[in-house]
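Working notes, beginning with the structure itself.
Just so it is clear: chains get the letters A, B, ... in the order the sequence lines come, proteins before strands, and each one is counted from 1. As a basis for the values below, the full set of heavy atoms in this structure was taken, side chains included, without hydrogen atoms, waters or symmetry mates.
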Amino acid sequence: MENGIALEKKDVNRGKKGHFLLDTWKRMCKNKLALIGISIILIQVILAIFAPVLVAHDPYKQDLASAKLSIGTAGHFLGTDNYGRDMWSRLVYGARISLIVGLTSVVLGLAGGVLLGLISGYFKKLDAVIMRIVDLLFAFPGTLLAMLIIAMLGTSLVNVIIAISIWSIPGCARIVRGSVLSVKNQEYILAMKSIGASHTRIIFKHILPNCTAPIIIFATTRMATAILSCASLSYLGLGAQPPSPEWGAMIAAGQDFMWEAPHMAILPGIAIMLTVFAFNVVGDGLRDALDPNIKFDS
Amino acid sequence: MNQLPLLEIKGLKTFYPIKKGILKRTKAYVKAVNDIDITIYEGETLGVVGESGCGKSTLGRTVLGLERKTGGNIRFRDEEIGNLSDSQLKKYKKHMQMIFQDPFASLDPRQRIGDALEEVFIIHTNLSKNERVQRVKELLVEVGLKKEHYDRFPHEFSGGQRQRIGIARAIALNPSLVICDEAVSALDVSVQAQIIKLLLELQEKHHLTYMFISHDLSVVRHISDRVLVMYLGTTAELGTSDQIYRNPLHPYTKALLSSIPRPIPGKNKERIKLEGEIPSASNYPTGCPFHTRCPLATEQCKVTRPEWREVEEGHFVACHEV
């Protein structure tokens with residue numbers, strides 16, 4: 001049985017052609033849902049980068065005369081909020097905040113998590129210690145952990161980023177550790193040791209490149225969670241503060257006008273939903289395209 | 001034959017602890033390599049045979065420092081290397097290299113062939129980028145590949161080609177000792193022959209010493225000057241190829257040799273079938289490790305471990321009954 005599996009694996013390797021990234025992209029293209037997700041993300045990124053050019057109204061400029069205009073009003077096609085600020089402008093600037101928070105917190109979380117995972121997977125003696133700390137972090141519900149950190153550091157968007165990064169570390173560390181454990185027993189790692197390569201060289205030049213697939217997948221799905229957490233923390237008043245067009249904060253502001261101007265809360269809600277959906281399907285698509293054998297716990 | 005000792009192994013032991021319970025206390029050991037004495041001379045090919053799990057590979061890996069030895073001495077050119085730390089061992093790794101069994105697993109799938117070979121020079125020499133590329137291309141040609149293969153990925157090669165890359169990596173630094181751990185076992189018979197031919201050519205050209213670990217008795221006979229027969233982590237018999245294959249003394253060697261399929265029908269000698277399973281290396285038998293399956297076993301075999309003695313010139317055996 002074991003031989004059969006080993007043979008199958010070899011055949012898969014033998015069948016691979018072309019570069020690894022190109023291959024992944026080709027396989028991604030077969031997944032319609034993932035392509036939709038990629039398009040949504042791309043549009044958002046473009047909107048976020050070129051927001052000042054693409055948006056007619058200042059997202060902070062109040063105009064009480066045209067407050068609570070509904071969707072479809074000339075000049076404000078997504079309407080305005082209770083201070084007369086243009087909803088479209090605010091949503092686009094909100095995308096900026098969400099993407100920046102998501103990206104920085106995921107990058108920071110990955111930096112910590114990947115390092116911890118590599119160390120604990122590679123060095124047996126540190127494994128138990130690091131993994132117990134990770135278990136400890138895991139024991140806290142995510143939002144609670146984030147609230148705890150914000151309670152200590154104070155409410156601000158930067159602290160939200162710090163909180164989400166710290167919260168991303170344990171999951172990332174576990175996933176990386178798992179793949180390190182499987183990669184480090186491969187014969188090519190033994191071959192590197194027999195050549196006399198140092199631990200640092202083996203870890204960063206040979207183990208890390210062979211663990212990229214799960215890390216990429218983790219990062220993508222984590223983006224979705226990070227954006228969602230940022231929105232929920234801001235909704236609770238722990239993140240971005242009111243004048244900011246952060247989506248969660250916008251929902252919080254809009255809920256008071258649920259009956260008069262429902263679009264104030266619904267539109268940012270849709271924005272969050274679309275973004276999270278996009279990152280999730282792209283993450284799923286990547287998982288299938290990179291390696292169908294990777295197991296995930298989220 | 002050149003009688004200058006290259007590698008002297010004395011009483012080498014490699015045990016793996018079996019840990020049990022909450023406190024992970026060591027309850028027993030897997031005795032993978034249990035008390036081996038052997039000397040490898042410059043320029044020779046020493047074949048190491050034995051059934052799977054007998055510690056052949058562990059022996060090779062322990063010599064290279066990939067596994068930590070539990071006891072005994074390893075002397076390389078009159079210098080003790082068995083107790084060195086990883087960083088001290090690095091300068092000896094230039095002189096001792098290994099060719100691995102599985103050509104599909106022994107190359108990093110994300111690394112171009114050129115980079116993989118260059119890495120050897122990055123680790124051990126101060127050559128400039130250009131010199132390294134030059135050397136790698138020479139190496140590729142030397143092992144029967146093409147310069148153009150420099151930029152390819154491992155998955156673009158066949159098993160035989162990959163094994164050539166593995167050989168190129170092993171001989172890159174002009175080592176003295178190359179340990180071939182089942183180096184041809186994973187290949188087709190025709191490719192096996194090509195690789196063996198390459199190994200022999202390289203041996204002549206670079207004056208290499210091989211420790212050729214294999215379970216394929218015919219291949220070992222073809223390539224080896226001397227043959228070591230291992231059983232359950234220890235040495236059963238050692239002699240020149242002719243001594244071992246023409247005049248086997250140890251009952252285990254006889255049984256092994258009788259299992260080689262012979263091409264001429266009717267000429268088959270009677271096959272000696274061994275009774276029972278190979279004992280577990282974690283529950284090592286007392287006395288002679290082979291007594292549980294030996295057709296000649298006596299009471300003495302169960303109690304005392306046979307001496308490793310020379311019965312004729314260069315022919316060693318560990319058996320009471322010889």
Side-chain angles (χ1 to χ4, degrees), chain A residues 2-3 5-24 122-125 127-129 132 179-180 182-216 290-291 293, chain B residues 24 57 60-61 63-67 86-112 115-125 151-159 162 165-166 169-170 172-173 175 177-179 181-182 186:
Chain A
E2 224 171 78
N3 265 332
I5 292 166
L7 275 177
E8 256 172 53
K9 217 173 170 185
K10 272 179 210 162
D11 288 340
V12 170
N13 282 337
R14 230 179 276 186
K16 265 189 201 167
K17 284 208 175 87
H19 195 267
F20 144 78
L21 283 177
L22 202 76
D23 265 15
T24 312
Y122 189 79
F123 298 106
K124 229 180 181 176
K125 281 180 183 156
D127 187 31
V129 180
R132 291 302 80 76
S179 16
V180 171
S182 75
V183 171
K184 87 165 176 181
N185 288 324
Q186 297 283 320
E187 215 166 52
Y188 55 84
I189 301 299
L190 196 68
M192 288 321 294
K193 281 184 190 160
S194 79
I195 285 171
S198 62
H199 292 311
T200 343
R201 174 173 282 275
I202 291 176
I203 291 175
F204 290 104
K205 282 212 79 175
H206 297 278
I207 291 183
L208 188 56
N210 284 290
C211 296
T212 41
I215 295 175
I216 292 172
L290 283 167
D291 187 352
N293 297 322
Chain B
K24 303 264 178 195
S57 296
R61 287 175 187 192
V63 168
L64 273 182
L66 293 174
E67 306 284 354
D86 284 353
S87 51
Q88 287 171 310
L89 208 57
K90 192 180 153 188
K91 68 174 179 179
Y92 289 97
K93 289 195 168 162
K94 266 197 220 184
H95 305 296
M96 295 186 287
Q97 280 299 318
M98 190 156 185
I99 300 168
F100 290 86
Q101 171 172 15
D102 186 348
F104 289 93
S106 59
L107 294 166
D108 185 341
R110 293 279 154 81
Q111 204 179 23
R112 289 172 200 278
D115 295 333
L117 293 176
E118 239 183 82
E119 205 163 6
V120 184
F121 296 108
I122 296 175
I123 294 167
H124 286 284
T125 67
D151 287 323
R152 303 257 178 96
F153 281 98
H155 63 79
E156 297 173 61
F157 292 95
S158 69
R162 283 175 178 221
I165 297 161
R169 180 167 61 186
L173 297 163
L177 176 68
V178 178
I179 296 175
D181 187 0
E182 304 269 11

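Contact check for A:Thr212 versus B:Arg110: side-chain heavy atoms found under the 4.5 Å cut-off. Within the 4.5 Å cutoff, the side chain of A:Ile195 has no heavy atoms near those of the B:Glu119 side chain. At a threshold of 4.5 Å between non-hydrogen side-chain atoms, the residues A:Ser194 and B:Lys93 do not count as touching.
For the set B:Lys94, B:Gln97, B:Met98, the count of heavy-atom pairs under 4.5 angstrom toward chain A peaks at B:Gln97.
Considering every non-hydrogen atom in both B:Asp102 and A:Glu187, the closest pair reads N-OE1, 3.2 Å. Shortest non-hydrogen contact noted between A:Ala191 and B:Ser106 is CB-O, 4.0 Å. Nearest approach of B:Ile123 to A:Gly196, heavy atoms of both residues: CG2-O, 3.6 Å.
Atom CE of A:Met192 sits about 7.0 Å away from atom CZ of B:Arg169, to the nearest 0.5 Å.
In this structure, chain B has heavy atoms under 4.5 Å from both the backbone and the side chain of A:Leu190. Heavy atoms of B:Leu64 lying under 4.5 Å from chain A belong exclusively to its side chain.
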